[in-house]
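Quick note: residue numbers are just sequence positions, from 1. Note that the coordinates shown come from a computational prediction; the quantities given were computed from them, not determined experimentally.
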Amino acid sequence: MWADYRKRALFESDTVLALDKPVGVSVMGERHESDLVRMAAEAGETLYPVHRIDKVTSGVILFAKDLAAHGGLTRQFNKRTVEKAYLAVVTPGGLPATGRVDLPLSVGRKNRVRIAAPRESIVAGTDGEAGTWSVPTGAVFDQVPTYPSVTELRVLWQDERHALVVANPLTGRRHQIRVHLAWIGHPILHDPLFDKAATGRTHLHAWRLSFDLDGERVTVQAPPDEAFLAPVPDAVIPPG
């Protein structure tokens with residue numbers, strides 16, 4: 001099994017490994033089923049995840065091969081010098097060409113991530129031709145821990161039913177992109193966090209990741225598969 005996933009390597013050096021993770025497999029931590037770290041260990045390879053993407057999300061995942069490399073890479077994520085770009089198919093269309101979602105997050109009942117303010121307090125506006133979504137400072141919850149969270153958006157294609165967007169999370173909160181898009185009224189297609197009847201794959205894909213390695217900037221990219229693009233067949237993915 002691990003050999004099959006190992007063939008999905010996008011980039012490898014003496015210290016790091018980047019894979020194109022398919023939908024439906026976890027990075028690590030599953031109790032009742034295999035995950036990538038466990039499968040690698042069972043095959044004799046020790047890997048340390050540098051970041052996480054959800055089980056329902058496909059695309060680039062970065063591992064360190066030793067703890068020294070892991071420490072250096074996680075510091076880059078903590079300092080936010082790593083550039084991350086995701087592709088998402090959302091519904092409906094009608095988004096501005098670009099946008100900035102500046103909505104703090106908190107954790108509610110049943111460990112669910114949510115916007116840390118009442119939904120009706122979200123202010124949608126424009127900054128030039130870009131859309132903006134934020135909440136007034138006074139509306140942010142003060143009874144629970146809250147976490148500033150910013151996602152930048154760029155529309156690649158859209159019609160009335162769907163939009164294909166590039167989402168750049170400037171912060172790295174759990175479920176950030178999924179929650180931000182849902183709370184501004186454009187949830188990711190087939191996202192089980194917000195669509196309990198979802199039966200298809202979740203249309204969120206970790207498309208591109210840029211980080212520093214041995215003094216050079218490395219960019220790793222995973223093209224989305226045909227199933228991901230099926231709802232937006234006329235969309236064109238830029239080369240980089």
Side-chain angles (χ1 to χ4, degrees), residues 26-31 49-57 61 71 73-92 94-155 163 165-198 202-204 206 209 211:
S26 297
V27 175
M28 67 175 297
E30 288 287 346
R31 293 183 179 181
V50 178
H51 63 124
R52 304 287 182 88
I53 58 176
D54 294 331
K55 182 177 181 178
V56 299
T57 303
I61 180 71
L73 290 166
T74 54
R75 280 191 290 273
Q76 292 183 51
F77 277 86
N78 292 337
K79 293 179 179 178
R80 301 177 184 171
T81 61
V82 174
E83 298 173 82
K84 297 169 284 185
Y86 289 74
L87 296 172
V89 178
V90 304
T91 184
L95 280 161
T98 60
R100 180 182 176 90
V101 185
D102 187 355
L103 297 174
L105 300 180
S106 64
V107 179
R109 291 179 296 177
K110 298 182 180 180
N111 201 33
R112 289 177 61 88
V113 179
R114 57 157 294 159
I115 300 302
R119 186 183 295 270
E120 60 271 18
S121 69
I122 296 176
V123 178
T126 58
D127 182 2
E129 296 182 355
T132 61
W133 294 267
S134 61
V135 291
T137 301
V140 178
F141 296 150
D142 58 9
Q143 69 272 28
V144 295
T146 63
Y147 308 95
S149 306
V150 179
T151 304
E152 292 183 342
L153 304 175
R154 176 166 57 96
V155 175
V165 303
V166 179
N168 300 106
L170 304 189
T171 50
R173 312 300 185 190
R174 180 167 66 98
H175 299 333
Q176 174 178 317
I177 296 172
R178 299 166 71 182
V179 173
H180 273 177
L181 286 168
W183 280 62
I184 68 170
H186 296 269
I188 295 169
L189 187 63
H190 298 153
D191 186 349
L193 284 181
F194 301 98
D195 180 4
K196 300 306 181 184
T202 301
H203 287 260
L204 181 62
L209 189 71
F211 57 95

- [ ] Start with the C-alpha distance between Asp191 and Leu181, add both sets of side-chain angles, then the distance that settles side chain to side chain contact (heavy atoms under 4.5 Å, CB included), and finish with yes or no.
- [x] CA-CA 11 Å; Asp191 186 349; Leu181 286 168; over 6 Å; no
TODO: Report the C-alpha distance between Ile53 and Tyr86 in whole Å, list the side-chain angles of each, state the deciding distance to 0.1 Å, and finish with yes or no for side chain to side chain contact (heavy atoms under 4.5 Å, CB included).
DONE: CA-CA 11 Å; Ile53 58 176; Tyr86 289 74; 3.6 Å; yes
- [ ] Go through the steps for Arg80 and Thr171 under the test side chain to side chain contact (heavy atoms under 4.5 Å, CB included), then give the verdict.
- [x] CA-CA 7 Å; Arg80 301 177 184 171; Thr171 50; 3.5 Å; yes
Open item on the list: Run Val90 and Leu95 through side chain to side chain contact (heavy atoms under 4.5 Å, CB included) and show every step you take.
Closed with: CA-CA 10 Å; Val90 304; Leu95 280 161; 4.0 Å; yes
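The two residues Lys196 and Pro192 make their nearest non-hydrogen contact at NZ-O, 3.5 Å. In terms of heavy atoms, Gly172 sits closest to Lys84 at CA-NZ, 3.8 Å.
His190 and His203 have tilted rings, their planes meeting at an angle from 30° to 60° on a 0 to 90° scale.
In this structure, the side chains of Leu209 and His51 come closer than 4.5 Å at one or more pairs of heavy atoms. Two residues are said to be in side-chain contact when any heavy atoms from C-beta on lie closer than 4.5 Å; Val56 and Arg178 meet this criterion.
Remark: Phe211 CZ to Gln76 CD distance equals 8.0 Å, nearest 0.5 Å. One distance of note links CG of Leu170 with CD of Glu83; it measures 10.0 Å at 0.5 Å rounding. Atom CG in Asp195 sits 8.0 Å away from atom CG in Leu189 (nearest 0.5 Å). We find the NE2-CZ distance between His175 and Phe194 to be 8.5 Å, quoted to the nearest 0.5 Å. Remark: Leu103 CG to Trp183 CH2 distance equals 9.0 Å, nearest 0.5 Å. If you take CD1 on Ile177 and CG on Asp54, they are separated by 9.5 Å, rounding to the nearest 0.5 Å.
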Side-chain donor-acceptor distances from residues 105-118 under 3.5 Å, at least two apart:
{"residue": "Asn111", "atom": "OD1", "partner": "Arg174", "partner atom": "NH2", "Å": "3.3"}
{"residue": "Arg112", "atom": "NH2", "partner": "Leu193", "partner atom": "O", "Å": "3.0"}
{"residue": "Arg114", "atom": "NH2", "partner": "Ala117", "partner atom": "O", "Å": "2.8"}

Report all side-chain donor-acceptor pairs from residues 128-151 shorter than 3.5 Å, counting only partners two or more places apart or in another chain.
{"residue": "Thr132", "atom": "OG1", "partner": "Gly125", "partner atom": "O", "Å": "3.4"}
{"residue": "Ser149", "atom": "OG", "partner": "Tyr147", "partner atom": "O", "Å": "2.9"}
{"residue": "Thr151", "atom": "OG1", "partner": "Gln176", "partner atom": "NE2", "Å": "2.8"}
{"residue": "Thr151", "atom": "OG1", "partner": "His180", "partner atom": "ND1", "Å": "2.8"}

